[in-house]
Amino acid sequence: MSGTFNYVKDSNNIVTVTMDMSGPVNAMNDEYIELMSATIERLEAERADIAGVILTSAKSSFFAGGDIKNMLKAVPGVDEPALFAQAESIKGMLRRLEKLGKPVVAAINGAALGGGYEICLACHYRVALNSPAVLIGLPEVSLGLLPGGGGVVRLVSKMGVEKAIMPLLEGTRFKADKAAAFGLVEELATDTDDMMAKAKAWILANPEAANPWDIKGFKIPGGDLRKPNIAQMIQGAVPMLAQKTKGLMPAPAKILDVIANTLRVDFDTALRIESRALTSLVTTPQAKNMMTFFLQMNQVNGGGSRPKDIAKSKVKKVGILGAGMMGQGIAYVSALAGMDVVLKDISQDAADKGKAYTEKLLNKALERGRMTEDKKAGILGRITASVDAKDLQGCDLIIEAVFESVDLKHAMTKELEPLLAEGGVWGSNTSTLPITLLAEASAKPENFIGIHFFSPVDKMPLVEIIVGDKTSPETLAKAFDYAQQIKKTPIVVNDSRGFFTSRVFGTFVDEGAVLIEEGVEPVLIENLAKLVGMPVGPLAVHDEVSQQLTTKIVATNRELNERLGDDMNVDTATGRMSKIFVEEYKRNGKAYEGGYYDYAADGSKAIWPTIRERFVKPEIELPNLDIKERILFRQVVESVRCLEEGVLKSVADGNIGSIMGIGFPPYTGGVFQYINTYGVQKFADRAAELSALYGERFTPPALLLEKAAAGEQFV
Ligand SMILES: C/C=C/C(=O)SCCNC(=O)CCNC(=O)[C@H](O)C(C)(C)COP(=O)(O)OP(=O)(O)OC[C@H]1O[C@@H](n2cnc3c(N)ncnc32)[C@H](O)[C@@H]1OP(=O)(O)O
């Protein structure tokens with residue numbers, strides 16, 4: 001089926017062009033060029049009989065931007081000339097549209113992102129539906145790209161550098177009302193009729209519209225590089241970006257470069273520079289990885305690991321056991337999503353404190369103008385803080401978030417599971433305890449599942465769903481739907497020790513501890529981890545988790561080995577270091593007396609001198625590259641083992657889970673995409689080399705060797 005740009009002229013001679021391309025969304029590709037070019041030719045030919053033009057969409061979104069699936073196919077060193085020509089062709093058409101000599105209005109009836117908003121910027125006026133589905137902005141930087149359809153040049157020309165720099169460098173997606181307040185759109189509409197009426201009224205009132213940059217004497221708002229504050233802003237942004245990106249992501253610096261050029265040269269030259277910059281980014285590994293991440297997010301959120309053919313479900317009433325840090329966060333996100341919540345603890349005081357957490361977050365939102373008193377009252381009113389088990393009667397879902405103790409969790413299940421509604425689901429929020437073992441206390445293990453949240457629950461976007469041996473597909477589907485109801489991305493894993501995220505995260509922390517044991521300078525370990533893109537070094541992370549908790553986890557793992565007859569290695573560097581900290585030094589972690597670091601009252605931190613005195617061997621000289629790669633390879637090799645053992649159900653789940661749950665660097669596209677980019681054979685060879693040098697933990701798993709031998713990637 002081929003798409004259309006439907007062309008209808010009304011009695012006022014206003015033409016409405018409704019974009020309806022053949023794919024699920026309108027996107028910039030060859031089909032777009034064909035349809036847009038035919039439309040512009042017709043508009044130019046009929047110009048004398050036209051009062052103005054409205055551009056709108058037949059899809060649920062307005063326009064999704066550059067075609068990501070197409071851009072992913074671009075071959076480095078081959079396709080750059082074609083990419084440049086395509087960018088220039090798209091820009092040429094938008095120039096013709098804005099120079100039509102007739103007013104052109106974008107009637108934004110859905111998301112207008114990237115190239116989609118760049119089309120809007122070439123129009124003379126923008127009216128947007130004030131609906132939650134309308135998102136507006138230039139998010140290209142989050143794909144490793146830049147707005148190459150005129151977005152950088154036009155946004156800077158429209159609102160000046162000072163205002164444009166933030167949405168360009170951060171790729172902010174604005175809701176309609178925020179977009180209007182920021183100046184990205186000129187008017188909001190309540191519904192489609194209102195939107196069309198406002199667009200038409202503007203056309204009739206502005207018969208000879210032109211964009212400011214095409215009017216003689218145009219000056220960029222706020223001034224150009226001759227203004228000292230603007231020059232300083234650009235100069236200051238260079239080191240700031242270098243510090244932020246560690247040189248790992250080229251897009252932000254390119255965006256800054258195009259911004260500076262927009263201030264230096266004429267409009268059309270700046271557009272051409274922008275096309276060149278875009279072209280240089282599309283084929284970089286970073287862009288490919290980040291675009292792949294976008295598509296895999298769609299795959300995961302589109303239900304990739306959810307059993308098919310099971311009707312969607314909705315939780316109406318959820319019970320949460322334990323009002324500690326996790327329980328209170330789960331209560332907040334559930335109430336926010338419209339569910340009735342029973343937050344139960346053993347004392348009323350603890351339950352009330354848990355509910356007060358929601359009030360605190362809602363008050364913050366109120367202060368920032370993101371919440372109304374009415375809404376706040378509604379959300380708080382949905383949470384019942386209770387000590388009474390009877391309040392749980394009839395829950396569709398009960399999530400226990402009590403201490404990591406098998407016996408306690410078993411006792412909770414036995415006592416409270418009968419209160420679930422018919423077919424209700426029991427979810428255990430655990431990061432370490434096997435779900436199949438926990439389900440042994442259940443009378444209905446088919447309705448028992450792991451729902452692993454990340455802290456802080458209100459901020460972390462991921463939920464790891466763990467399927468036990470007896471968990472039914474219906475239960476998995478219900479847990480998946482609940483995760484989506486609370487607006488989290490669910491990855492699905494099979495039961496095993498540490499599941500996926502805790503297991504791989506554990507290897508990151510452990511490699512830091514191994515390097516300390518080897519005598520490497522702690523500051524070097526931390527800095528090299530950040531230089532490869534980890535948000536925090538492994539030593540700081542260990543302090544956050546706390547040495548106290550890690551010693552407990554080691555003890556639990558030892559008990560579990562005995563109980564289950566497993567042989568999981570419990571003699572880890574993490575365990576050994578934690579023991580030293582807790583037993584010898586009484587340093588239990590950041591929240592206590594400190595750990596690897598001393599923490600000052602002003603928020604600063606410094607490596608605790610004793611750790612350096614005791615462990616650092618000045619004679620040790622490991623190549624920095626080895627340290628960097630050990631930090632990443634450790635996590636990646638463990639992820640391959642998870643896939644090989646069937647803990648992970650898909651590559652996409654592993655990539656998404658590693659970035660969103662563990663902090664694996666976004667520019668890599670995730671643990672498996674990292675291998676693809678490195679080259680599967682090359683990665684396997686290097687893993688074998690690291691194994692020979694530093695230990696078996698790097699030994700390439702059979703699956704990796706098979707993929708390398710078959711010339712296959714991880715997809
Ligand atoms: C020089 C210019 C560069 C650029 O412009 S780069 C692109 C910048 N644009 C974006 O980052 C926006 C990406 N798209 C989205 O965020 C969302 O989509 C929307 C908000 C536009 C719509 O959301 P919803 O209605 O929920 O649709 P859905 O499920 O996300 O997507 C439906 C199908 O459309 C594909 N798709 C979406 N955007 C693009 C795109 N920009 N290029 C190619 N395909 C796209 C998806 O993958 C999926 O496909 P399947 O049905 O096969 O899973």
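As the structure lists them, so they are numbered: ligands from 1, and atoms in each ligand from 1. No hydrogens, no waters, no symmetry mates; every other heavy atom, side chains included, goes into these values.
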[atom] [closest protein heavy-atom partner, distance rounded to 0.1 Å]:
{"atom": "atom 33 (C) of ligand 1", "value": "Pro24 CG, 3.5 Å"}
{"atom": "atom 9 (N) of ligand 1", "value": "Ala64 O, 2.9 Å"}
{"atom": "atom 3 (C) of ligand 1", "value": "Glu140 CG, 3.5 Å"}

Which ligand 1 atoms are under 4.0 Å away from a heavy-atom of [X]?
{"X": "Ala111", "answer": "20 (C)"}
{"X": "Leu113", "answer": "12 (C), 16 (O), 20 (C)"}
{"X": "Leu295", "answer": "47 (O)"}

Tell me which part of [X] gets within contact of ligand 1: side chain, backbone, both or neither, using heavy atoms under 4.0 Å.
{"X": "Leu278", "answer": "side chain"}
{"X": "Asn298", "answer": "side chain"}
{"X": "Glu118", "answer": "side chain"}

Are Phe63 and Tyr32, when compared by the centres of their aromatic rings, separated by less than 6.0 Å?
yes

Where the closest heavy atom to atom 40 (C) of ligand 1 is concerned, which of Gly66, Gly110, Gly137, Gly151 has it?
Gly66

Tell me whether Lys244 at atom NZ has more than 12 heavy atoms from other residues, nucleotides or ligands lying less than 6.0 Å away.
no

Do other residues, nucleotides or ligands put more than 12 heavy atoms under 6.0 Å from the CD atom of Glu34?
no

Can you tell me if Asn261 and Glu274 form a side-chain donor-acceptor pair at under 3.5 Å?
no

Report yes if Gly148 has an N/O atom closer than 3.5 Å to an N/O atom of ligand 1; otherwise report no.
no

